[in-house]
Amino acid sequence: MLQVAFLRNNLELVKNKLAVKNFTNIQLVDEIIELDEQRKKLQLEFDGTQSKVNTASKEIGQFLAKGEKEKAAIAKQEVATFKTGIQQITEKLNSIEKLLLDNLLQLPNLPSDLVPKGKLPSDNIIVKEGGLIPKLDATAVPHWDLIKKYDLIDFETGAKITGSGFPLYKGKGAKLQRALIQYFLDYNIAAGYTEYLPPFMVNENSAYGTGQLPDKEGQMYFMQADNFYMIPTAEVPLTNIYRDEIVKENSLPIKMTAYTPCFRREAGSFGKDVRGLNRVHQFDKVEIVQIVHPDKSYEILNEMVAHVEQLLKNLNLPYRILKLCGGDMSFASALTFDFEVYSAAQDKWLEVSSVSNFETFQTNRMKIRFKNENGKMQLAHSLNGSSLALPRIVACLLENNQTENGIQIPEILQAYFGSKLID
RNA sequence: GGUGAGAUGGGUGAGUGGCUCAAACCAGUAGUUUGCUAAACUGCCGUACGGGUUAAACUGUACCGAGGGUUCGAAUCCCUCUCUCACCGCCA
């Protein structure tokens, strides 16, 4: 959520930046500033009247202590007239504050200066490519065939138990998940991240804090009886650990990592690219989150990108890094890098990680602050990234490493997986 | 699920209607003094939204788990909810 004072003081800049994100309702900014002016006026009126009530109340107390009942009675009547005024002001103030908040929540985060213009995924900029694209022989098959061949995942039974898009991992397929999770976590811990195992459901406030609410209700599974949402990513519980906290400046950066399953309804996005592991409702992911000093957040974003890149290098997967254009970025992000790996048998790039700087967009909602060296409260910056999302990594590992004798496990995973080959 | 006890500032914790613009202590911080792997003393030490100022000073309002209510006046009384702890029941 953007701050009104910032909007007011940087009106042209804000409008230009919103345009980069292809946000069309630009006049909303002017409306917000106007609403805030009204809010201030009403607040002033309220404060003044309430002040009179407070003074009068004290006087009444003194009159009564002295036994001057008549004076007290007169003062009481006076207060009564103030109170009807206060009631009216409060009603107006409440409705304006609500409207102001509703409007503010509709504004996406401002893109950083580094964000390229553009509307479509094709406008994203490839900033780096790495790894070797394997040359598969003619008998090579997509991962869904390999999954069947080696009996790694039973999609049909998953659908029987729950529904389509809920894979049932089995045997070596299940063990490969466990090996990847374990490796990713160890890798993150070695880089200084603290491991968490958070709740997989969150309440409304948490979903609101990271920006899932309002607006994206439809993307999350909802537990009606208890008002809980299944998490779409570990980002939600992890970042909310520090909601409403004032952290010590010298405790920054705060680095957190967690494995969680992720639940996504993917409403409306089915129809294509959904075979096998390309898109599912429940998947495993290891996430990294940082709460950082605002001066450092872009430096740290680069570090996180390098961190994820090294993970893909360690897995020997061909990858590329994209800098997302304004139109393809998420609502809350100021700058995002996507990672894609090359799925050799599908001849397709698949997104496996997204690393973003949210600047103060989330921390403003969550009130994650620190006291700076001047003793002033300041919002921290938040960042997060996947390291990594498993299904598409598995798809690529299977396809790219298939041989006549079986699927070769990358060296770094062998100790975790317990063998070199799936056969 | 039942019963009971709780929720106060960074921490401990006092406060059952106006003397609390929340005591005291600890931690933090600035200074003074003595001197030296420290002690004593003194001051300062919440957040949000405003007013005010070049900036400060100064100043208004709100906030004692959340939301309502009673009252001229609520941390304090009443109602609802949430959470924590203890015991009981059920249970992996």
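Naming convention: chains lettered A, B, ... in sequence-line order (proteins, then strands); numbering from 1 in each chain.
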The side chain of [X] lies closest to which of these nucleotides: [options]?
X	options	result
Met377(A)	A48(B), C72(B), G51(B)	A48(B)
Asp47(A)	G60(B), C72(B), G51(B)	G60(B)
Lys83(A)	G73(B), C72(B), G51(B)	G73(B)
Gln50(A)	C72(B), G50(B), U61(B)	U61(B)

Under 6.0 Å from the six-membered ring centre of Phe337(A) and within 45° of its axis: does the NZ or CZ of Lys323(A) meet both?
no
Could Arg178(A) and Tyr416(A) be counted as a cation-pi pair, given that NZ or CZ must be under 6.0 Å from the ring centre and within 45° of the axis?
no
Among Leu213(A), Ile231(A), Val202(A), which residue meets the side chain to side chain contact (heavy atoms under 4.5 Å, CB included) test with Met220(A)?
Leu213(A)
Determine: side-chain N/O of [X] to OP1/OP2 of [N], distance under 4.0 Å, yes or no.
X	N	answer
Lys371(A)	U47(B)	yes
Asn54(A)	A62(B)	yes
Lys58(A)	C19(B)	no
Arg369(A)	U47(B)	no

Work out how far the [atom1] atom of [N] is from that of [M], and round it to whole angstrom.
N	M	atom1	answer
G15(B)	G68(B)	C1'	24 Å
G28(B)	G46(B)	C1'	13 Å
C72(B)	U20(B)	P	24 Å
A48(B)	C64(B)	C1'	16 Å
G13(B)	U8(B)	P	9 Å
C19(B)	U33(B)	C1'	37 Å
G9(B)	C25(B)	C1'	14 Å
A38(B)	A22(B)	P	36 Å

Would you please say whether a donor-acceptor pair under 3.5 Å links the side chains of Tyr298(A) and Glu359(A)?
yes
Tell which nucleotide pairs with [N], taking only Watson-Crick or G-U wobble pairs whose two distances are both under 3.5 angstrom.
N	result
U70(B)	none
A24(B)	U12(B)
A40(B)	U32(B)
A7(B)	U82(B)
C49(B)	G60(B)
A75(B)	none
C90(B)	none
C19(B)	none

Can you check the [X] [atom1] to [N] [atom2] distance for me, whole Å?
X	N	atom1	atom2	value
Gln3(A)	C49(B)	CD	P	9 Å
Lys71(A)	C72(B)	NZ	P	20 Å
Lys41(A)	G51(B)	NZ	C1'	15 Å
Glu97(A)	U61(B)	CD	P	17 Å
Ile96(A)	C49(B)	CD1	P	18 Å
Lys40(A)	G51(B)	NZ	P	5 Å
Gln38(A)	C49(B)	CD	P	19 Å
Leu100(A)	G50(B)	CG	P	10 Å

Checking Ser57(A) side chain against Val53(A) main chain: does a donor-acceptor pair fall under 3.5 Å?
yes
Looking only at atom types and distance, does a side-chain atom of Gln402(A) sit under 3.5 Å from a main-chain N or O of Val141(A), one as donor and one as acceptor?
yes
When all nucleic acid strands are considered with a 4.0 Å heavy-atom cut-off, which category describes Ile246(A): base, sugar-phosphate, or nothing?
nothing
For the residue pair Tyr229(A) and Phe222(A), does the interplanar ring angle fall in the parallel (under 30°), tilted (30 to 60°) or perpendicular (over 60°) class?
tilted
Hey, what do you get for NE2 (His281(A)) to SG (Cys262(A)), rounding to the nearest 0.5 Å?
14.0 Å
Nearest heavy atom decides the nucleotide; on that basis, is Lys52(A) or Lys76(A) closer to the 5' end of RNA chain B?
Lys52(A)
Comparing Lys248(A) with Ala75(A), nearest RNA chain B nucleotide closer to 5' gives the residue Lys248(A)
